[in-house]
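Below is the structure I would like to discuss, written out as structure tokens.
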Amino acid sequence: MKYTAPPYTYDVLPFPPVKEAWLHTARWRYVENVFREVCRKYGYREIRTPILEQTELFTRSIGEATDIVSKEMFTFTDRGDRSLTLKPEGTAPVVRACIERKLFAEHPLLKLYYIGQNFRYERGQRGRYRQHQQLGVEVFGAVDPALDAEVILLAMDFYRELGVIDQELHINSVGTPESRVTFKQALKDYARPFLAELSGEGQGRFEMNPLRMLDTKNENDLRLLADAPRLVDFLDPESAEHFEKLQSYLTSAGVPYVVDHRLVRGFDYYTKTAFEIVGNSLGSQNALGGGGRYDGLVDECGGGHVPGIGFGLGMERCLITLDALGIDLPTADERPLAFIITLGDENLVRPIAVKLLTKLRAAGISCDMDYKSRKFGHQAKRADDLGARFTLILGDEEAQRGVIQLRDQSSKEQREIAIDLAAAELVLFSHG
RNA sequence: GCGACUGUAGCUCAGUUGGUUAGAGUGCCAGGUUGUGGCCCUGGAGGUCGUGGGUUCGAUCCCCAUCAGCCGCCCCA
């Protein structure tokens with residue numbers, strides 16, 4: 001094999017591999033359409049940003065200390081000696097675009113969605129790839145917790161629309177950067193006495209990122225930290241009220257949720273609300289999507305005091321979950337309505353077939369013919385494989401008389417019609 | 001970045017305790033059967049057994065390395 005796809009990338013095919021139904025373009029289109037439709041319903045507009053950004057946009061916004069920035073970005077220097085990075089996440093580029101294009105000036109409340117490719121240099125796993133498609137929304141301009149609720153509702157709505165029923169909504173509040181400083185100190189004070197008993201990762205996080213000690217999967221660590229201080233107890237009054245209101249909105253909207261005191265987000269820019277939607281069908285990569293509020297990010301990027309909240313979900317994990325749940329997506333009908341079978345003298349019959357194809361297509365009818373075999377059996381099998389509803393059989397005799405055999409593939413009824421009327425005849429079937 | 005496991009036909013997989021010519025099903029091609037098929041029958045093409053090295057009279061099989069996949073950790077969507 002001379003050329004292969006780069007490690008931990010994949011191809012989405014028109015005919016999916018036997019074992020990976022999610023690698024089917026029809027499924028991708030369907031999910032994207034559902035997402036667009038949900039976003040439309042909620043009043044979100046689509047934004048598309050470049051796949052590349054200045055490296056500094058990410059190092060500043062995501063945080064230098066995170067793994068993503070320190071070792072997982074696809075960064076290179078271009079011929080003009082600029083450091084560029086394939087975007088590892090969707091939020092910062094949207095923020096950059098809104099600031100640069102001055103969208104906040106004319107849109108005090110700005111609701112956006114995007115579908116785009118993200119890149120992270122990581123070891124692959126089920127549902128985790130180096131190029132990954134993210135679907136997401138961002139809202140700028142208000143700190144109203146009802147807006148947090150709307151974003152969460154939009155996300156839940158999306159999954160429900162797809163038929164996912166085993167989703168769980170986890171929420172938490174990470175407060176402000178200031179309240180987090182106090183909390184981190186309290187957490188470290190709590191853990192210090194048994195620091196030596198924590199796992200290696202736990203000890204590392206104690207120093208590097210105390211919040212993430214809570215997020216461990218190590219059972220011993222979980223036991224030791226069972227009674228650790230909780231973020232909600234350290235929130236500033238404003239964040240606490242915000243969190244209370246969010247919960248009441250979710251309750252009145254009838255959305256079940258669990259307050260997950262261990263839920264923290266990976267990026268530095270999150271404030272107040274953090275949430276995650278967890279599926280049970282993905283093994284260890286069980287986070288279907290997540291998001292949170294980032295009231296300081298726009299300011300950090302030089303756009304002034306504009307609060308924001310967003311949500312992002314991974315296309316691959318979403319599709320894999322749909323597969324695991326056995327959800328059969330209603331994919332668009334790609335079958336041709338008609339398939340032309342030609343027989344006899346090619347010089348006589350082919351030009352007529354090509355002309356008829358052109359005419360049918362001009363009338364909006366999907367149709368095809370066989371360009372390879374000449375035996376009737378093969379052409380018929382081809383029509384059958386493609387799932388054509390009708391075959392149009394054209395031989396020497398029909399050609400001379402200006403007619404064609406119109407055969408219904410399922411009922412096997414066949415009748416002769418004038419070639420000139422074929423398009424009009426088939427149009428009747430093309431919309432139902 | 002760390003640790004398991006797996007790489008045999010287009011696809012799904014057998015198999016070889018190291019032995020001459022590596023199999024099945026399915027798909028593909030051809031014929032049976034130049035114009036009414038989807039079934040069936042017969043035949044065919046398709047493999048450097050992931051790649052490179054080592055051990056051996058002999059390696060698809062054992063050993064080492066490497067690449068890729070997959071799973072767990074890390075991180076995250």
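Computed from a predicted structure; not experimentally measured.
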Integer angstrom distance from the C1' of B:C41 to that of B:A4: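 B:C41 and B:A4 have their C1' atoms separated by 49 Å.
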
Mind calculating the distance between OH (A:Y129) and C1' (B:A68) to the nearest angstrom?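 Taking atom C1' of B:A68 as the reference, OH of A:Y129 is at 14 Å.
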
Under 3.5 Å for both donor-acceptor distances, Watson-Crick or wobble: does B:U20 have a partner, and if so which one?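 Answer to the pairing question: none, since B:U20 forms no Watson-Crick or G-U pair.
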
Record whether the side chain of A:Q405 comes under 3.5 Å of the base of B:U36 through a donor-acceptor pair of N or O atoms.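 Not at all, since no donor on one side and acceptor on the other fall under 3.5 Å apart.
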
Please state the P separation for the pair B:C11 and B:U51 - nearest whole angstrom.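 So the two P atoms sit 15 Å from each other.
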
Nearest heavy atom decides the nucleotide; on that basis, is A:L343 or A:T9 closer to the 5' end of RNA chain B?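 Nearest-nucleotide comparison on RNA chain B picks A:L343.
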
Please state whether the base of B:C76 and the side chain of A:R123 form at least one donor-acceptor pair under 3.5 Å?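 Side chain to base: no pair below 3.5 Å.
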
A:E397 side chain, from C-beta outward: closest of B:C70, B:C76, B:G35: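 Nearest to the side chain of A:E397 among the choices is B:G35.
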
B:G44 - base-pair partner by Watson-Crick or wobble geometry, distances under 3.5 Å: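 The answer is B:C28, by the H-bond criterion.
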
In whole angstrom, what separates A:Q131's CD from B:A77's P?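 It works out to 17 Å between those atoms.
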
Quick one: A:Q379 CD to B:C29 P, roughly how many Å, whole number?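 Whole-Å distance recorded here is 13 Å.
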
Output the single nucleotide from B:G35, B:U12, B:C76 whose closest atom is nearest the side chain of A:R212.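 For the A:R212 side chain, the nearest candidate turns out to be B:C76.
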
Is it the case that A:T75 and A:T85 place a side-chain donor and acceptor less than 3.5 Å from each other?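 A:T85 and A:T75 do have a side-chain donor-acceptor pair below 3.5 Å.
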
Nearest whole angstrom, please: distance from the P of B:G35 to the CD of A:E346.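 Roughly 13 Å, once rounded to whole Å.
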
Taking B:U6 as the reference, what is the distance to B:G72 when you measure between their C1' atoms (whole Å, please)?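 That atom pair is separated by 15 Å.
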
Less than 3.5 Å apart, any donor N or O on the side chain of A:N220 or A:R223 sitting next to an acceptor on the other?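 Yes, a side-chain donor-acceptor pair sits under 3.5 Å.
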
Any donor-acceptor pair under 3.5 Å linking the side-chain atoms of A:Y10 with those of A:E316?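 Distance-only check passes for A:E316 and A:Y10.
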
A:Q134 side chain, from C-beta outward: closest of B:G35, B:U12, B:A77: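 The closest nucleotide is B:A77.
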
Rounded distance in Å between the C1' positions of B:C76 and B:C29: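 About 48 Å, rounded to a whole number of Å.
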
Side chain of A:E201 - closest among B:A30, B:A77, B:C74: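 Closest nucleotide to the A:E201 side chain: B:C74.
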
Measuring to OP1 and OP2 of B:C28, would you say a side-chain N or O of A:K381 lies under 4.0 angstrom away?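 So the side-chain polar atoms of A:K381 do come within 4.0 Å of the phosphate oxygens OP1 or OP2 of B:C28, strictly under.
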
Assess A:R48 against A:Y114: is NZ or CZ under 6.0 Å from the centre of the six-membered ring, and within 45 degrees of the ring's axis?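 A:R48 over A:Y114 ring: no.
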
Under 4.0 angstrom between A:H378 side-chain N/O and B:C29 OP1 or OP2: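 No, because none of the side-chain N or O atoms of A:H378 sits under 4.0 Å from OP1 or OP2 of B:C29.
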
Can you measure A:D215 atom CG to B:C76 atom P for me and round it to whole angstrom units?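 About 8 Å, once rounded to whole Å.
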
Between B:U12, B:C28, B:G35, which nucleotide gets closest to the side-chain atoms of A:D385?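 Out of B:U12, B:C28, B:G35, the nucleotide with an atom closest to A:D385's side chain is B:C28.
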
Report yes if a donor N or O on one partner sits less than 3.5 Å from an acceptor N or O on the other, where the partners are the side chain of A:Q125 and the base of B:G69; otherwise report no.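 Flag unset: no donor-acceptor pair detected.
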
Does A:K188 qualify as a cation-pi partner of A:F206, given the criterion of NZ or CZ under 6.0 Å from the six-membered ring centre and within 45 degrees of its axis?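 Relative to the ring axis of A:F206, which defines the angle, A:K188 lies inside both limits.
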
In a check of side-chain hydrogen bond (donor to acceptor under 3.5 Å, both in side chains) between A:Y44 and each of A:E138, A:K111, A:E150, which one passes?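 Result: among A:E138, A:K111, A:E150, A:E150 is the only option passing the side-chain hydrogen bond (donor to acceptor under 3.5 Å, both in side chains) with A:Y44.
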
In whole Å, I'd like the distance from the CG atom of A:L23 to the C1' atom of B:G69.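 Taking CG of A:L23 and C1' of B:G69, I get 13 Å after rounding.
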
Across the strands shown, which category fits A:Q409 at heavy-atom distances under 4.0 angstrom: base, sugar-phosphate, nothing?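 Base, at least one base heavy atom under 4.0 Å.
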
With rounding to the closest Å, how many angstrom separate the P atoms on B:A24 and B:U42?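 Each nucleotide's P atom is 13 Å from the other's.
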
Picking from B:A77, B:G35, B:C28, which would you name as closest to the side chain of A:D396?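 Out of B:A77, B:G35, B:C28, the nucleotide with an atom closest to A:D396's side chain is B:G35.
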
In whole angstrom, what separates A:Q400's CD from B:G35's P?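 Spelled out: CD on A:Q400 to P on B:G35 is 18 Å.
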
Is A:K412 touching bases, backbone alone, or none of the nucleic acid, heavy atoms closer than 4.0 Å?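 Here A:K412 touches the bases of the nucleic acid.
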
Looking at the base of B:A77, is there any donor atom on it, or on the side chain of A:E122, that sits under 3.5 Å from an acceptor on the other one?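 Such a pair exists between side chain and base.
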
What's A:P7 touching, base or sugar-phosphate or nothing? Going by heavy atoms closer than 4.0 Å.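 Sugar-phosphate contact only - A:P7 comes under 4.0 Å of backbone atoms but never of a base.
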
Could you check whether A:E398 gets within reach of a base, just the sugar-phosphate, or nothing at all, counting any heavy atom under 4.0 Å?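 Base contact.
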
If I take atom CD in residue A:E413 and atom P in nucleotide B:G37, what distance separates them, rounded to the nearest angstrom?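 Distance, rounded to whole Å: 16 Å.
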
Near A:K71 NZ, under 6.0 Å, is it more than 12 heavy atoms from other residues, nucleotides or ligands?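 Count not over threshold, so no.
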
Should the pair A:E32-A:R29 be classified as a salt bridge under the 4.0 Å nitrogen-to-oxygen rule?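 No, A:E32 and A:R29 are not salt-bridged.
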
B:G3 pairs with which nucleotide, Watson-Crick or G-U wobble, both distances below 3.5 Å?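 Pairing partner, where one exists within any strand: B:C71.
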
Using the P atom as the point on both nucleotides, what is the distance between B:C13 and B:G7, in whole Å?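 Those two atoms are separated by 11 Å.
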
Any A:K19 side-chain nitrogen or oxygen under 4.0 Å from OP1 or OP2 of B:C13: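 The answer is yes; a side-chain N or O of A:K19 sits under 4.0 Å from OP1 or OP2.
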
If I pick the P atom on B:G58 and the same atom on B:G69, what distance separates them, to the nearest angstrom?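 Here B:G69 and B:G58 have their P atoms 35 Å from each other.
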
Can you say whether a donor on the side chain of A:R407 sits under 3.5 Å from an acceptor on the base of B:G37, or the other way round?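 Yes, the side chain and the base share a sub-3.5 Å donor-acceptor pair.
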
Flag for A:E122-A:Y8: side-chain donor and acceptor within less than 3.5 Å: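 Looking only at side-chain atoms, A:E122 and A:Y8 do not form any donor-acceptor pair under 3.5 Å.
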
Rounding to the closest angstrom, what is the interatomic distance between B:A9 and B:G15 at atom C1'?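 Their C1' atoms lie roughly 14 Å apart.
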
Considering every strand and a 4.0 Å limit on heavy-atom distances, what is the contact class for A:L135: base, sugar-phosphate, or nothing?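 Since no nucleic acid heavy atom lies under 4.0 Å of A:L135, the category is nothing.
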
Aromatic ring of A:H132 stacked on base six-ring of B:A77, 5.5 Å, 30°: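 Ring-base stacking flag set for A:H132 and B:A77.
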
Could you check whether A:Q133 gets within reach of a base, just the sugar-phosphate, or nothing at all, counting any heavy atom under 4.0 Å?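 If one applies the 4.0 Å heavy-atom cut-off, A:Q133 turns out to touch nothing in the nucleic acid.
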
